[in-house]
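All residue numbers in this chain count up from 1 along the given sequence. Quick caveat: nothing in here was measured; it's all calculated off a predicted structure.
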Amino acid sequence: MDEHVYPAEETIAARREWGDLPTEAPPEMAGLKTEARARGLWNLFLPDEEFGAGLSNVEYAPLAEIMGRAIELAPEATNCSAPDTGNMEVLHMFGTDEQKQRWLVPLLEGEIRSNFGMTEPAVASSDPRNLECTITPDGDDYVVNGTKWFSSGAMSKDSKIAIVMGITDKEAPPKERYSMILVPMDAAGVTIVRDLNVYGYRHRGGHPEVRYDNVRIPASSMISGPGQGYMIAQARLGPGRIHHCMRAIGQAERALSLMIDRAKSREAFGKRIADQGVVQDWIAESRLRIDQARLLVLRAAWLIDTEGNRAARHHVSAIKVVAPNTALWVIDKAIQTHGGMGVTDDTPLASMWANMRTLRIADGPDEVHKMVVARGEIRRD
């Protein structure tokens, strides 16, 4: 991070852009990937010694936190960025040999990227029972029809494959209605409608709206079988959510560091900002909140490792609320400490705030996760 990632981040920031196309990787990315692989810092997220680093979630947590400090560069440089991590986990756990060879291997090698099509613009997608996209059997094929958005990464030319969730049987019980299917981005009928800015920012790969219009896909592209989409989603989102939370802690730590540096370097009303009581309260409160959030994340990671995703479900929901809100609180105080500079792109704080505010919605809004926690408590009593 010190020798390669942060210097590259500064170089890119000095250009005020990621290149001619903000959705594509900056030219520095190739060198960062090469360096990461040479150091053995590759596919750290995957707890499989053959395809990944073989680390447990508890072992991966502090590494993800460190990478979260430079969230636009470090995760991708180590092939540990969303949504690829979740998609690779799906293919690793549920893919056929053919699917693994065609898509998982290139993803693990960092040769291509992917996207995940679940959220839909026309319905409240926090309740998956509202999804309208259909995956209809037709002879030896399936036909995909629907519109997804926030298909993160799909704008990039590197994104070659989408995992799309849709209805295969409207009459089946709710948890058996949905399936996941692999859709190549160059398939006939796949159209990227538009990219979506996030609080005015454009991110690597974008968050586009994607239309699937009578996209015909071989039946061999179905993952795990018809009706398995809900089960796969639960398996995918557990580790994915905890990875987001780990990176959020890293964002909070970086914001606290920036806050302290700024407070020590500026004076107001006759003394350093760092000597003002209110700022000291922010710094102390930040440390308390970050350390508490980290311990909650580590407990959830330990439960996934020892008892599995299902046993850790309520704890993952808890940290999905706590970690982004903790990071937002710290980032907000860091912005306040910087004054006018804090709302500009002269520091990463404004972008960090946009990322963390979005995370309160991505992978399930706070309200849904609180509902899961509350129901768990009610059942326990």
Side-chain angles (χ1 to χ4, degrees), residues 1-2 5-18 22-23 26 28-29 61-78 80-83 150 152-153 196-207 241-263 265 279 282-283 285-287 289-291 293-294 297 319-363 366:
M1 294 290 287
D2 292 338
V5 176
Y6 294 134
E9 189 181 50
E10 292 176 5
T11 300
I12 294 165
R15 292 201 302 265
R16 300 286 178 181
E17 60 181 1
W18 286 82
T23 55
E28 290 82 0
M29 185 60 75
L63 307 183
E65 177 183 323
I66 292 168
M67 291 186 286
R69 289 171 172 254
I71 204 162
E72 297 286 354
L73 283 181
E76 184 176 354
T78 55
C80 293
S81 55
F150 289 95
S152 298
L196 298 165
N197 290 348
V198 176
Y199 285 103
Y201 288 95
R202 294 185 73 193
H203 295 126
R204 167 79 167 106
H207 306 282
R241 285 168 175 157
I242 202 168
H243 296 167
H244 278 311
C245 293
M246 294 167 179
R247 290 188 289 264
I249 301 300
Q251 293 273 280
E253 283 285 8
R254 186 168 188 188
L256 176 56
S257 179
L258 290 169
M259 186 197 316
I260 293 169
D261 288 346
R262 178 73 170 187
S265 67
V279 176
W282 293 345
I283 292 169
E285 187 69 21
S286 295
R287 171 50 57 211
R289 293 185 184 216
I290 291 170
D291 287 354
R294 179 184 291 110
V297 171
I319 64 169
K320 183 60 179 58
V321 175
V322 169
N325 279 284
T326 295
L328 274 173
W329 193 93
V330 178
I331 293 166
D332 180 78
K333 297 302 181 285
I335 289 172
Q336 197 73 4
T337 304
H338 280 74
M341 186 182 188
V343 300
T344 72
D345 287 339
D346 284 356
T347 77
L349 290 168
S351 176
M352 289 163 64
W353 189 93
N355 270 321
M356 290 300 103
R357 182 61 186 85
T358 305
L359 191 55
R360 289 189 56 205
I361 301 171
D363 281 355
D366 287 1

(message) If you apply the rule side-chain contact (heavy atoms from CB on, under 4.5 Å), what do you find for Glu9 with Ile12, and how did you get there?
(response) CA-CA 5 Å; Glu9 189 181 50; Ile12 294 165; 5.9 Å; no
(request) Report the C-alpha distance between Met356 and Leu359 in whole Å, list the side-chain angles of each, state the deciding distance to 0.1 Å, and finish with yes or no for side-chain contact (heavy atoms from CB on, under 4.5 Å). (result) CA-CA 5 Å; Met356 290 300 103; Leu359 191 55; 4.1 Å; yes
(message) Please determine whether side-chain contact (heavy atoms from CB on, under 4.5 Å) holds for the pair Leu258 and Arg262, giving the CA-CA distance in whole Å, both sets of side-chain angles, and the decisive distance to 0.1 Å.
(response) CA-CA 6 Å; Leu258 290 169; Arg262 178 73 170 187; over 6 Å; no
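Counting heavy atoms from C-beta on, the side chains of Arg360 and Leu328 come closer than 4.5 Å.
Checking side-chain atoms of Ser257 against main-chain N and O of Glu253 turns up no donor-acceptor pair under 3.5 Å. The closest donor-acceptor contact from the side chain of Lys333 to the backbone of Val279 lies at 3.5 Å or more, if one exists at all. Under a 3.5 Å cut-off, the side chain of Thr344 and the backbone N or O of Gly340 do not form any donor-acceptor pair.
Nearest heavy-atom pair, Met29 versus Glu76, reported as atom, atom and distance to 0.1 Å: CE-OE1, 3.5 Å.
Between Tyr201 and His203, the ring-plane angle classifies as parallel under the 30° and 60° cut-offs. Note: Tyr199 and Trp353 have perpendicular aromatic rings, judged against thresholds of 30 and 60 degrees for the angle between ring planes.
The closest side-chain donor-acceptor pair between Arg247 and His244 falls under 3.5 angstrom.
For the side-chain contact (heavy atoms from CB on, under 4.5 Å) test with Leu256, the passing option among Val330, Asp261, Ile331 is Val330; the others fail.
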